[in-house]
2 protein chains.
Amino acid sequence: MSLVGYHWLMSFDRDHVLHAAAELLTRKATATMEEVARSAGISRATLNRHFAGRDALVRALEELGIAECEAALEAARIEDGAAAGAVRRLICEIQPCAGLLAFLYSENQLFEGEKQNAGWFRIEERLTGLFRRGQENGEFRIDLSATWLAEALYGLLAAGSWAVIEGRVARNDFTHMIAELLLGGATRRDES
Amino acid sequence: MSLVGYHWLMSFDRDHVLHAAAELLTRKATATMEEVARSAGISRATLNRHFAGRDALVRALEELGIAECEAALEAARIEDGAAAGAVRRLICEIQPCAGLLAFLYSENQLFEGEKQNAGWFRIEERLTGLFRRGQENGEFRIDLSATWLAEALYGLLAAGSWAVIEGRVARNDFTHMIAELLLGGATRRDES
DNA sequence: ACTGAATGAGTCATCCATGTCTCACTTGAA
DNA sequence: TTCAAGTGAGACATGGATGACTCATTCAGT
């Protein structure tokens, strides 16, 4: 049947293509459509058949990033328990798509138009809500705004991804480094 | 005399052009040479007379960024006194060129060639040296590598610049936000 | 007033990424 | 086997950014 399942050929895997594109574009944001196609193991023609232009590809990556972000927010159950633990779980869950987020984060054209994706607002809301909750129950300091903490999390995720890609830090330390710096800071603590 | 001082016309100010380009490219990394020229108040022809192509302009911006970074490192006297205070002074001094750094930081093509500027190595060395000093004298925790702390500083500077540009946080809070988060983290501290 | 240097505006050719199209081939389903 | 869908390779036209060029104008110094 042509309606139920359209999977005669397995050579094109939309999800695989998107992830390959994300992986490449994270390292080289100016990569050619040809390069993106080759990195996914398909031809430029096929890539253009499924994504009408570079812009459409970036938009699809944006959707993917938002979806994975919200999935991470769900999996981390950020509304449960202590805020600090929630942040740790979130960073752990979000690690697989950190590279994609770093690319989207640097793609500032996504945010300058008037038709920006509402998904970012939802994520921003939940994220700032998490930090605000931590501030209200006394876990987090209040002199750093929840908005800034959310923004800093993005920045640290991007910096961490780049550092891992360039081999400056070990991939296994990714979660620990970001979570500890964001939550505890660099200064040594005598308590605990 | 044509050898001593070449400043007959004041209409072209190399430093002003570079700073205008930095300011624009920070917001829109894909800006046209025409747009860059207009943002500096000069024509595209003149821009091309002084910078042979976009690549040369980016390289000049790289040089400017490195120079301002090292100037900030000097002005902050990062070798003096407590490491935490040195970091605060450094962030304060580096604030004016944070936008430029954010742009260069996202221009990953600068770091993939084999002919990358040695200035970054010098800065990286001094920066990691600062954090290592803090670790060795017990100020900073040792489970976060000095390399990562330096990388995180870059990431936070970039995130802070963007947040200011987009109006998410106040420009006056820039130094305080970055320094406090990097040094103290988000978690509330009961000691002073 | 004169001269030379530098600029601004405009034009032109070139390059490169992109999008579209065609055609032969492969593959799964009937 | 037959057929239709999907793919890969290649050719083609297009658009936009870029760099080089010309020419009139402006301005500083003499």
Side-chain angles (χ1 to χ4, degrees), chain A residues 1-62 103 106-110 112-113, chain B residues 1-62 103 106-110 112-113:
Chain A
M1 321 317 284
S2 57
L3 290 174
V4 183
Y6 26 175
H7 47 281
W8 309 278
L9 277 190
M10 276 295 100
S11 54
F12 179 81
D13 181 352
R14 180 185 168 93
D15 231 55
H16 169 251
V17 171
L18 283 176
H19 279 91
E23 202 275 338
L24 173 61
L25 290 174
T26 298
R27 293 175 310 184
K28 187 180 177 184
T30 63
T32 295
M33 292 293 277
E34 170 78 28
E35 296 174 288
V36 173
R38 302 297 275 241
S39 79
I42 62 176
S43 71
R44 191 168 69 95
T46 301
L47 181 62
N48 250 321
R49 284 191 188 97
H50 292 269
F51 301 99
R54 186 190 191 81
D55 194 66
L57 176 63
V58 174
R59 293 295 170 181
L61 285 173
E62 185 182 29
F103 163 68
S106 68
E107 203 73 354
N108 38 20
Q109 62 174 358
L110 290 177
E112 62 186 9
Chain B
M1 323 314 283
S2 57
L3 289 175
V4 183
Y6 25 175
H7 48 280
W8 309 275
L9 277 190
M10 274 297 101
S11 55
F12 180 80
D13 181 352
R14 180 185 169 93
D15 232 53
H16 169 251
V17 171
L18 283 177
H19 278 90
E23 202 275 338
L24 173 61
L25 290 174
T26 299
R27 293 175 309 184
K28 186 179 177 183
T30 62
T32 294
M33 293 292 278
E34 169 77 28
E35 295 174 288
V36 172
R38 302 296 277 241
S39 80
I42 62 176
S43 70
R44 190 167 70 96
T46 301
L47 183 61
N48 250 320
R49 284 189 188 100
H50 292 268
F51 301 100
R54 185 189 192 80
D55 193 67
L57 176 63
V58 174
R59 293 295 170 180
L61 285 173
E62 184 182 29
F103 164 67
S106 68
E107 203 75 352
N108 37 23
Q109 64 174 1
L110 291 176
E112 63 185 7

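Protein chains get the first letters and strands the later ones, always in sequence-line order, with residue 1 at the start of each.
Atom-to-atom, CG of B:D13 to P of C:dT7 comes out at 12 Å; the value is rounded to the nearest Å. As a whole-Å value, the separation of B:N48 CG from C:dT11 P is 18 Å. Between A:L47 atom CG and D:dT7 atom P the separation is 11 Å, expressed in whole Å. Put simply, CZ on B:R44 is 10 Å from C1' on D:dA20, counting in whole angstrom units. At whole-Å resolution of the value, CG in A:L57 and C1' in C:dG19 are 14 Å apart.
Checked against C:dG19, C:dA9, D:dG10, the side chain of A:A45 finds its nearest nucleotide in D:dG10.
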Tabulate below the donor-acceptor pairs under 3.5 Å that side-chain atoms of residues 15-26 of chain B make, not counting sequence neighbours, or state none.
residue	atom	partner	partner atom	Å
B:H19	ND1	B:D15	O	2.9
B:H19	NE2	B:E68	OE2	2.8
B:E23	OE1	B:R27	NH2	3.4
B:T26	OG1	B:A22	O	2.6
B:T26	OG1	B:G99	O	3.0

Review item, side-chain donor-acceptor pairs of residues 46-54 of chain A, under 3.5 Å, at least two apart:
residue	atom	partner	partner atom	Å
A:T46	OG1	A:S43	OG	3.2
A:R54	NH1	A:A31	O	3.0
A:R54	NH2	A:A29	O	3.3
A:R54	NH2	A:A31	O	3.0

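If you take CE on A:M33 and CZ on A:R44, they are separated by 8.5 Å, rounding to the nearest 0.5 Å.
B:T30 pairs by the side-chain contact (heavy atoms from CB on, under 4.5 Å) definition with B:K28, not counting sequence neighbours. By the side-chain hydrogen bond (donor to acceptor under 3.5 Å, both in side chains) test, B:R14 is found to be paired with no residue, residues two or more places apart in sequence or in another chain being considered.
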Next item on the list: Apply the test side chain to side chain contact (heavy atoms under 4.5 Å, CB included) to residues B:V58 and B:E62: give CA-CA distance (whole Å), side-chain angles for both, the deciding distance (0.1 Å), then the verdict.
Entry: CA-CA 6 Å; B:V58 174; B:E62 184 182 29; 5.6 Å; no

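Residues from residues 49-56 of chain A placing a heavy atom under 4.0 Å of any atom in DNA chain D, listed by number, are A:R49, A:H50. If you check residues 18-36 of chain B against DNA chain D, the residues with a heavy atom closer than 4.0 Å are B:T32, B:M33, listed by number.
Using a 4.0 Å cut-off between charged nitrogen and carboxylate oxygen, A:R38 and A:E35 do not count as a salt-bridge pair.
Close to C:dG8, at under 4.0 Å from its OP1 or OP2, lies a side-chain N or O of B:T46.
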